[in-house]
Amino acid sequence: MNMKTKTLSDYTISCTEEQTQKVLELGASIRKLSNSIPEYKAPTAEQMIGWLEDEVFREVNIQYFGNYWEYNLYTSSEDLVSHKGNFRSRQEATFAAIDAALEYLKILKQQNHE
C-alpha cells in the first residue's frame with residue numbers, strides 16, 4: 001500500500017494576501033521575510049484569530065453542524081456581531097469569519113477617527 005503521509009503543515013490554513021494587507025492596515029505586527037524587501041509571510045488562520053481575539057473579540061467561533069459549517073463573532077462585551085452558516089468546509093467558514101472580523105474592525109477604526 002503506497003499512501004502519502006501528510007504532515008501537520010498540510011492542514012495549515014494561511015490567510016489570503018488581501019486579509020494580510022487588511023490586518024497590516026489595522027496595525028498588526030507581522031514579521032518581514034526579508035529586511036531588504038517589504039514582503040510579509042501570510043499569517044495562519046490560527047494566528048489571525050488569536051490577534052482578532054486580543055483586539056476586540058471575546059470569541060471567534062467556527063462550528064460544524066453535521067452537514068455545514070458556521071461562524072459566530074462575539075465582542076468582548078459578549079455581543080454577537082456576526083453570524084453566518086452553510087459553508088462547505090472549515091477553511092471556507094474560517095476565511096469568512098476573518099473577513100467579517102476585519103471589516104468590523106475597519107468600521108470601528110473609522111468611527112474612532114471621526
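In what follows, every heavy atom counts, from backbone to side chain, and hydrogens, waters and symmetry copies are set aside.
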Tell me which pairs pass salt bridge (Lys or Arg N to Asp or Glu O under 4.0 Å) where either residue lies in residues 49-65, with sequence neighbours left out. none

With sequence neighbours left out, which residue pairs that include part of residues 12-29 fulfil the salt bridge (Lys or Arg N to Asp or Glu O under 4.0 Å) condition? Glu18-Lys22

Would you mind listing the cluster partners of Leu80? Hydrophobic ones only (ILVMFWY), side-chain contacts under 4.5 Å, chaining allowed. Tyr74

For residues Ala101 and Leu73, report the shortest heavy-atom separation together with the two atoms involved. N-CD1, 3.6 Å

Apply the hydrophobic cluster definition, ILVMFWY joined by side-chain contacts under 4.5 Å directly or through others, and give me every member besides Phe95. Ile13

Residues in side chain to side chain contact (heavy atoms under 4.5 Å, CB included) contact with Leu8, at least two apart in sequence or another chain: none

Tell me whether Asp79 contacts the main-chain N or O of Thr75 through its side chain, where contact means a donor paired with an acceptor under 3.5 Å. no

Between Gln110 and Asn112, is there a side-chain donor-acceptor contact under 3.5 Å, judged purely by atom types and distance? no

In Å, rounded to the nearest 0.5 Å, how long is the span from SG of Cys15 to CD of Gln21? 13.0 Å

Any donor-acceptor pair under 3.5 Å linking the side chain of Asp10 with the backbone of Thr7? yes

Test item: Tyr71 and Thr94 side chains (from C-beta on) under 4.5 Å apart, heavy atoms: no

For Phe65, ring-ring contact (aromatic ring centres under 6.0 Å, His included) partners two or more places apart: Tyr68

Going from CD1 on Ile62 to CD1 on Ile49, what distance comes out if it is rounded to the nearest 0.5 angstrom? 4.0 Å

